[in-house]
Each structure stands twice: as C-alpha cells, then as structure tokens.
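Computed from a prediction, not measured in an experiment: that's the story for all the values here.
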Amino acid sequence: MTIRLYDTSARQIRDFSPLTPGCVSIYLCGATVQAAPHIGHIRSGLNFDIMRRWFAYRGYDVTFVRNVTDIDDKIITKAADQGRPWWSIGYENERAFNSAYDALGCLPPTVEPRATGHVTEMVEMMRGLIERGHAYEADGNVYFDVRSFPGYLELSNQELDNLLQPSGEGETGKRDPRDFAMWKAAKPGEPSWETPWGRGRPGWHLECSAMAHKYLGEAFDIHGGGLDLIFPHHENEIAQAKAFGDAFASYWVHNAWVTMSGEKMSKSLGNSVLVAEMVKHWRPIVLRYYLGTPHYRSMIEYSEEALREAESAFARIEGFMQRVCEMAGKTVEPAAEVPPAFAEAMDDDLGVPQALAIVHTTVRQGNSALTADDKESAVARLAEVRAMLGVLGLDPLDEQWAGASAGRGDDLHGVVDSLVRLVLDQRQAARARKDWAAADAIRDQLQHAGLAIEDTPSGPRWSLS
C-alpha cells in the first residue's frame, strides 16, 4: 500500500513517504476572511478533507493545520467603507467560513491559527532573515530580497528576469521592484503592531511561513491550496521559510477552481455563489457530492444542470441504501474495509472519480441482489457502500447527516410521507378494482408534482424524482 500524490514542485505524481513513519502533517492555506465564502472557496476545504480522511483510513495519525488570514488590505478597505472595526469584518466572515465547512461535512482542523495571533513569530522570522542577508528594512517596511535566494520561482517555473511582482500601496524603498513585502509600515487609522522596525502589519506571505513553522516545525509533509496560490503566495512562502533555515514542505498539492463561464469563481468578478444561499436550495450532502467527487486537479464548471445531475446520482445511491435497510429491518453497519478497487483508486492521487465508479457499480450489484431477493448479498453490498461513502464524508446514514438538520426539508419528511401514502392508498385501491386508468392518472399526477413512484413486492415506494 502506497499513497501517491501529484507534487506541483516535481510536476509529477510521487509516492508519498512521510517524514515520520505513520504520521502525516498537512498545512492548508485557509480563508482570507474579507467576505462570506462561495462554493469555490469551500472546494479547497472539501478536497483536503477527503485527503485527510483517506490518510486516516490508511492508518496515519494526521495533523491538519488550516490557517485564517484575518488581516488583509481588502479587510481594512471594507472596514473603512462600512465604518466598522476591521476585526469585526474578519470575525463575522470567519464564522461564515466555519459554518460552511460544518454544513458540508468537513472535519475540524487539528488547529486553526489566526494570523493576528502570531505577530511574535513573524517578527522572529523577519529578524532571522535580516541577519542572514535575505531581508531588509526600508521606510518602516520589511522586504524579502528575492535575488538572495537561488531557488526562487522553482515552484511556479518562472524566470526572475521576466517577473512582474505584485506591489501594494505604500511599499516604498525597495532595492528591486520584484522584492516582496513581509511587513508593511503603519498608515493612519489602520491596525498596527510594534516591531523593532516600527509599527506596522503583516504581509500575506509571511503569515503562513511563520504559522507553519510554529505548528509543524522546520519540516512537514504536505502544503496545500488552490492553483491561484502557486504564485506569488506559495513561491514567497518557500523563499521565506527556506532562507530562514526550514526544510518546509516535502510535497505541494494544489486543487483546481470552480469556474463560471470559463472564469475562476471570485467575488471581484461578481459571479460568486455563496454557500449560505446554496444550502437553502440544495441539500448540503448533495453540494458535497457535487464539489468533492470530481478529481481535485480538475476544474468544475458550475451550472444548476450539473448540480441536478449530482442530486440525481446521489439519490440513486440513497434509494438503494434505504431499500436494503427496509428489507433488513435494521441499519446496516459499514464494512471494516473498502473494496480493493476503491482503495487502489484513492491511493492513486486521490482518484475520487474512479473510486466513485466503484461505489455506483456496487450499488448496481446491490440492486440486482434486491431484485433477486438475495438479502445476504444486498446487505453485504450496502456495507461496502457505507464504508466507501464514509471515507468520502458522504454516508447519509452517518450521524453527521442523519439528524433533522442534515438537509433541506427533512423536518417535513414525515408529513409529506403521510400525505403521499394517502394518495398511494387510493392508487392501490384503484388497482385492486382494476381501474387502471385511475391508477395511472394518480401516478402521473404524483410524477408531475416531482415524485417518482416505484412498485415493489412490499408495496409502492416514493422518492423525489
């Protein structure tokens, strides 16, 4: 058994070899909490939640760090525009992100550090970089000297002479326009902290280098984030950390975007789909299925049609699970192990689409067993399905999804079921007196209302079509 991952820095799939046998350490760039999350933000959390679950299934002790960037130019600008304290903007949206992670079934991180809580560690790292000749102070700013670090831009595979480094307002005194800010001098009315170089606030890149060092040490296994973070954020993290003396991450894993009309989903483009709004119209477990089942390195082009297809596919799985539990007269527990083909797919760079194909094949086998009245085989297939869905965080019988708050309208299911049963009883009565036209008319009316009717040996069954 060897898990293999695509390493951006190597530009190939590599066998995973942990620094500490039996343990895996993961640092994921989390939310910049300037606004509430859209589904593009949450995809990253979902993808790495699945990674974390698979490592745990394979027996690893997982340490998972996901940071919060709670100080940022956009947060400060928004606070000024709204006449609110900067920290209230960050905290409000941090809670919105955590609510979204929880709604879509992401396990909480081992630790979730905020940038503003680690200024001491940032100052220590800057002091060390200045002493080593990799950074310098100018006009109250502290910059990283990119020419001092020979490995700069190896992750993004760029040439330094062709580089256009993003630069912010007030970043004066640079020796080279490509040098990047680790610390920004204080401006009137903005939040600031005291340092040996004057008051100021952190630069985005320094935050993650310092927090990864604090919680995972000089070396750790996996650094993750979205493709858009490769440059400048991750490239600058590497420069700071390695110039400071850390080995930093052994593997770099990046998830692709959710797009709309071919463009990356973002608030600036005005095409975001907020999670808080989406869960009002779609069951959270269906959203998780939709966002989590494509391969993490594949783009997802958002559309309601694609979401409806995901909803239908997941309904087929749920329908099978419900039928087997009814036949068995009890809840079937998950199997101790997933099928070998599922495990093989997951070991191969988290091949969720291939693993999901095994889920659907097993469901079809289980449905065939139900048709043949083979209870033992049907129960065995359900146990396998539950084991596989559990690894993906998608088992609808798990307690995290089975409660009344798990999905849209679950609290009304009993009421709707009673009403539908009354209509189905009328249809059965029509069939008993051989009034086929009336029975078909009732079925057609129910289908028009969005219900699928299935006649089974134990009586008619309804589900959302």
Kindly determine whether Lys184 and Glu190 satisfy salt bridge (Lys or Arg N to Asp or Glu O under 4.0 Å), including the steps that lead there. CA-CA 11 Å; Lys184 299 184 179 185; Glu190 290 189 353; over 6 Å; no
Note, [X] side chain near [Y] side chain (heavy atom, < 4.5 Å):
{"X": "Phe220", "Y": "Ile26", "result": "no"}
{"X": "Trp87", "Y": "Ile75", "result": "no"}
{"X": "Ser9", "Y": "Ile238", "result": "no"}
{"X": "Met126", "Y": "Pro196", "result": "no"}
{"X": "Thr110", "Y": "Val62", "result": "no"}
{"X": "Met346", "Y": "Phe342", "result": "yes"}
{"X": "Leu153", "Y": "Glu159", "result": "no"}

Side-chain donor/acceptor of [X] to backbone N/O of [Y], under 3.5 Å:
{"X": "Tyr143", "Y": "Thr172", "value": "yes"}
{"X": "Asp7", "Y": "Gln12", "value": "no"}
{"X": "Asp139", "Y": "Asn141", "value": "no"}
{"X": "His205", "Y": "Cys208", "value": "no"}
{"X": "Arg386", "Y": "Val332", "value": "yes"}
{"X": "Asp349", "Y": "Tyr6", "value": "yes"}
{"X": "Ser209", "Y": "Glu237", "value": "yes"}
{"X": "Asp395", "Y": "Leu389", "value": "no"}
{"X": "Tyr27", "Y": "Asn67", "value": "no"}
{"X": "Asp145", "Y": "Ala135", "value": "no"}

Heavy-atom closest contact ([X] atom, [Y] atom, distance):
{"X": "Leu291", "Y": "Ile300", "result": "O-CD1, 3.7 Å"}
{"X": "Cys325", "Y": "Leu382", "result": "SG-CD2, 3.8 Å"}
{"X": "Val65", "Y": "Pro113", "result": "CG1-CD, 3.8 Å"}
{"X": "Val359", "Y": "Val385", "result": "O-CG2, 4.3 Å"}
{"X": "Met122", "Y": "Pro202", "result": "SD-CB, 3.4 Å"}

Checking [Y] against [X]: is there a side-chain donor and acceptor pair closer than 3.5 Å?
{"X": "Thr32", "Y": "Asp72", "value": "no"}
{"X": "Asp347", "Y": "Trp54", "value": "yes"}
{"X": "Thr259", "Y": "Glu301", "value": "yes"}
{"X": "Asp221", "Y": "Ser250", "value": "no"}
{"X": "Thr116", "Y": "Asp70", "value": "yes"}
{"X": "Arg316", "Y": "Asn367", "value": "no"}

Are [X] and [Y] within salt-bridge range, i.e. N to O under 4.0 Å?
{"X": "Arg288", "Y": "Asp102", "value": "no"}
{"X": "Arg4", "Y": "Asp348", "value": "yes"}
{"X": "Arg308", "Y": "Glu304", "value": "yes"}

Residue among Arg297, His223, Met51 satisfying side chain to side chain contact (heavy atoms under 4.5 Å, CB included) with Val253: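 Going through the options one by one, the only one that passes is Met51.
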Hey, what's the ring geometry for [X] with [Y], parallel, tilted or perpendicular (30° and 60° as the breaks)?
{"X": "Tyr215", "Y": "His118", "result": "perpendicular"}
{"X": "His38", "Y": "His41", "result": "parallel"}
{"X": "Phe144", "Y": "Tyr152", "result": "tilted"}
{"X": "Tyr290", "Y": "Tyr302", "result": "perpendicular"}

Mind running salt bridge (Lys or Arg N to Asp or Glu O under 4.0 Å) on Glu154 and Lys242 for me, showing each step along the way? CA-CA 13 Å; Glu154 287 182 356; Lys242 291 194 172 182; over 6 Å; no
Between [atom1] on residue [X] and [atom2] on residue [Y], distance to nearest 0.5 Å:
{"X": "Leu129", "Y": "Glu131", "atom1": "CG", "atom2": "CD", "answer": "9.5 Å"}
{"X": "Arg381", "Y": "Thr362", "atom1": "CZ", "atom2": "OG1", "answer": "7.0 Å"}
{"X": "Met265", "Y": "Met299", "atom1": "CE", "atom2": "CE", "answer": "12.5 Å"}
{"X": "Ile222", "Y": "Thr63", "atom1": "CD1", "atom2": "OG1", "answer": "11.5 Å"}
{"X": "Ile130", "Y": "His134", "atom1": "CD1", "atom2": "NE2", "answer": "12.0 Å"}
{"X": "Trp257", "Y": "Arg43", "atom1": "CH2", "atom2": "CZ", "answer": "11.5 Å"}

Would the number of heavy atoms belonging to other residues, nucleotides or ligands and lying under 6.0 Å from OH of Tyr91 be above 12?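 No, OH of Tyr91 has 12 or fewer neighbouring heavy atoms, counting only those of other groups under 6.0 Å.
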Starting from the C-alpha separation in whole Å, work towards a yes-or-no answer on side-chain contact (heavy atoms from CB on, under 4.5 Å) for Trp183 and Val119. CA-CA 10 Å; Trp183 191 261; Val119 172; 3.8 Å; yes
Over-ring placement of Arg175 relative to Tyr136, 6.0 Å and 45° cut-offs: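 Yes, Arg175 sits over the ring of Tyr136.
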Here's one to test your reading of the geometry: is the NZ or CZ of Arg66 within 45 degrees of the ring axis of Tyr101 and under 6.0 Å from its centre?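 Yes, a cation-pi geometry.
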Between Glu384 and Ile358, is a side-chain contact (heavy atoms from CB on, under 4.5 Å) present by the stated rule, with each step listed? CA-CA 10 Å; Glu384 292 173 346; Ile358 306 302; over 6 Å; no
May I have the step-by-step check of side-chain contact (heavy atoms from CB on, under 4.5 Å) for Asn236 and Trp204, ending in yes or no? CA-CA 10 Å; Asn236 293 351; Trp204 177 29; over 6 Å; no
Using the side-chain contact (heavy atoms from CB on, under 4.5 Å) rule, take Arg178 and Arg147 through it: C-alpha gap first, then chi angles, then the decisive distance, then the call. CA-CA 9 Å; Arg178 289 161 293 198; Arg147 289 192 176 275; 2.7 Å; yes
Do Phe244 and His213 have ring centres separated by under 6.0 Å?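 Yes, ring centres under 6.0 Å apart.
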